[in-house]
Every structure is written in C-alpha cells, then in structure tokens.
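Because the structure is a prediction, the values reported are computed rather than measured.
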Amino acid sequence: MAMGNRSRLRGVSLSMNLRFGAAALLLCPTAIAWCQHSSFAVATIRPSAADVKFEHDGSFEVAGDTLRMKDVMVQSCIKWAYDVQDSQISGPGWIESDRFDITAKADGPANAGQMKIMLQGLLAERFHLAFHREQRKMKALVLSVAGTGAKLKPAAAPDAPPYRENSANGSIAKSMPIREWANFIAGPLQMPVVDETGLTGKYDFVIDFTGYIPEPGKNMDVARPDATGILKAVLHDQLGLNLDGRRAQVEVMVID
C-alpha cells in the first residue's frame, strides 16, 4: 500500500478479517510460545480525525478485546509494538508524517503484550512493513538511580496496564515500568535513552516542570536551559534518577 500522504486514505475505511499467521510469526518467532492471539479479528484504519492534545505520538488504549489508537503515526505504532525508540527506527519519511485513527479487536480479552504481537502483524499486513536489524554506535543518554536513591512510589495497581498522560505542565504515570518511561522520554529528547536503573517494578509518579522553565516575560536575562538540561534536573529532583550522556551501541530497525 503506497502511503505517500494521508489523502490517499481520506474517506476510506479499511476493515477486513485478518489472519496473519506466518507473517506475524516471522516478525516475532516467539509469539506462538506464549500468546494465544496471533492476529486481530477485525481492524479499521482511517485518517486521523483530530489531534490528541499534548501527545506527539497520539494515544494508545487497551480495553478488554480492543486496542484503540488515535492520531498515531506508523512510527508511533512501531515504537509501541516493538518497545523501541524513535532513534531505533530508520525508514521513509511518511512513517512519521501521515497520521491515523486505528481500532482493532481481538477474538477475546487480551493484555498489552498480546496486543503488541497482533499490532506487529497488522503493520505487516496493512502497511507492508518489513525490516532488518543492525547495530549502530551513536550518542545516547543513560538513565540510572541517583546517589540519594530513587524517589518512586510502587504502583497502587501493578497489574493494570501502564498509563501515561501529558499535561501543560508535566506528565503523570501510573503502573509504569522504568524501561517504558525511558522509551517515552527518548522521543522529546531525540536521542536513545538506555535504562540502567536496575528497577524492575512498576511505579506511580508525577513530574512537574513548573519552576524549571522561565515564565514568559520573566527571568529572560537568564539563559534558557535546553530540553535535555530541564529533564535532567526534573528527573534528578523529583524522581531521584540521573540522566547522563555517552556513546553506545544501539540496535536499529531498518525499514526495507
């Protein structure tokens, strides 16, 4: 399917029964060992109807047997389905420009991990996604626990799917693994973020940028820190985590 611009799908509803079978297993050979669902029963893809406020990547929601994605790019879908970051994806420009609303239903209730396997198959079928992996050395940021210790509250509902929502002043996270948080912050930082915290649980936390970014018309004589500097300070002060730069080997998905 040629996806050079979003107008090629405007007004067209793509809905069909999907049974990806071998295609899904080629993309994730271990899927059959643990996942009872190998494909969505039905999926609909339409051009995005509206932006999702404060969310560059759109929104993803798993509810029972349904995965709802609003205002998502194909690159966003790849990141969510494969647990990778922007810097780990190399492909044509349209995967990060065209935006879609996608609703996909499984044969029965499925968790986020199972939904990700099925989304891999959907990407292969509808967008003809094929790729190979290679190692590239690049600048990266390493997330670690500060000397004062992590300031993280164990999740109140650890069995709940991870939840994150941006606001005008920061971000709220619930039942969030630190690796997934690292994947999220890699987007706005436009650099790989490697999780070396050793934290394996799920956590509830809020970060607030108030006081870290000068208000318009105030403190304009002070140099405005860059996004990385701001986030480093916030993570250290509010979550007890350090963010330091170095060069690292990063696995990259190259879209063929």
Side-chain angles (χ1 to χ4, degrees), residues 27-28 30-31 33-35 55-62 67 69 72 75-90 110-120 123 131 133-146 149-166 170-207 227-228 231-232 234-236 238-253:
L27 288 172
C28 186
T30 60
W34 66 273
C35 182
E55 298 290 349
H56 173 72
D57 283 330
S59 66
F60 293 76
E61 178 189 6
V62 176
L67 172 61
M69 296 164 276
V72 295
Q75 178 143 324
S76 308
C77 294
I78 295 171
K79 290 196 297 181
W80 192 81
Y82 288 92
D83 290 316
V84 295
Q85 302 170 10
D86 284 314
S87 57
Q88 293 178 276
I89 303 169
S90 176
N111 60 32
Q114 292 168 327
M115 290 291 190
K116 290 181 179 185
I117 294 294
M118 290 184 278
L119 182 55
Q120 292 174 16
L123 290 169
F131 64 89
R133 299 178 186 266
E134 60 184 51
Q135 294 288 326
R136 295 181 182 178
K137 195 166 187 177
M138 60 182 73
K139 291 181 180 179
L141 293 165
V142 178
L143 194 64
S144 61
V145 176
K151 303 174 184 178
L152 291 165
K153 178 182 177 182
D159 294 332
Y163 168 84
R164 183 199 53 76
E165 183 177 0
N166 285 340
S171 188
I172 181 172
K174 295 181 180 179
S175 194
M176 177 64 64
I178 296 303
R179 178 183 174 183
E180 190 164 327
W181 176 251
N183 287 343
F184 164 64
I185 64 175
L189 293 175
Q190 298 184 329
M191 188 176 294
V193 176
V194 181
D195 174 21
E196 291 189 358
T197 62
L199 300 171
T200 57
K202 292 184 176 181
Y203 304 92
D204 296 340
F205 56 88
V206 176
I207 63 169
T228 303
L231 193 54
K232 279 184 178 181
V234 171
L235 292 177
H236 181 272
Q238 299 180 13
L239 301 186
L241 301 177
N242 286 336
L243 194 62
D244 301 302
R246 75 169 188 219
R247 291 186 67 82
Q249 289 284 348
V250 177
E251 185 177 71
V252 177
M253 296 172 58

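Side-chain contact between His56 and Pro188 is absent, with no heavy atoms from C-beta onward closer than 4.5 Å. Gln238 is not listed as a side-chain neighbour of Phe205, based on a closest heavy-atom distance of 4.5 Å or more. Using a 4.5 Å heavy-atom threshold, the side chains of Ser90 and Arg136 count as touching. Looking only at side-chain heavy atoms (C-beta outward), Asp86 and Gln75 come within less than 4.5 Å of each other. By the 4.5 Å heavy-atom criterion applied to side chains, Met176 and Tyr203 are not counted as neighbours. For the pair Phe131 and Leu123, the minimum side-chain heavy-atom distance is 4.5 Å or more. Contact annotation: the side chain of Arg179 approaches that of Asp83 to within less than 4.5 Å [non-hydrogen atoms, C-beta and beyond]. Trp181 has its side chain within reach of Ile207: a pair of non-hydrogen atoms, C-beta onward, lies under 4.5 Å apart.
Here the options are Asp204, Leu239, Val145, the test is side-chain contact (heavy atoms from CB on, under 4.5 Å), and the partner is Leu152; only Leu239 passes.
Other residues, nucleotides and ligands place more than 12 heavy atoms under 6.0 Å from the NZ atom of Lys116.
In this structure, Glu55 contributes its side chain and Asn166 its backbone to a donor-acceptor pair below 3.5 Å. For Glu196 (side chain) and Ser144 (main-chain N/O), no donor-acceptor pair under 3.5 Å exists by modelled atom type.
Distance check, rounded to the nearest 0.5 Å: CG of Asn183 to OG of Ser87 gives 9.0 Å.
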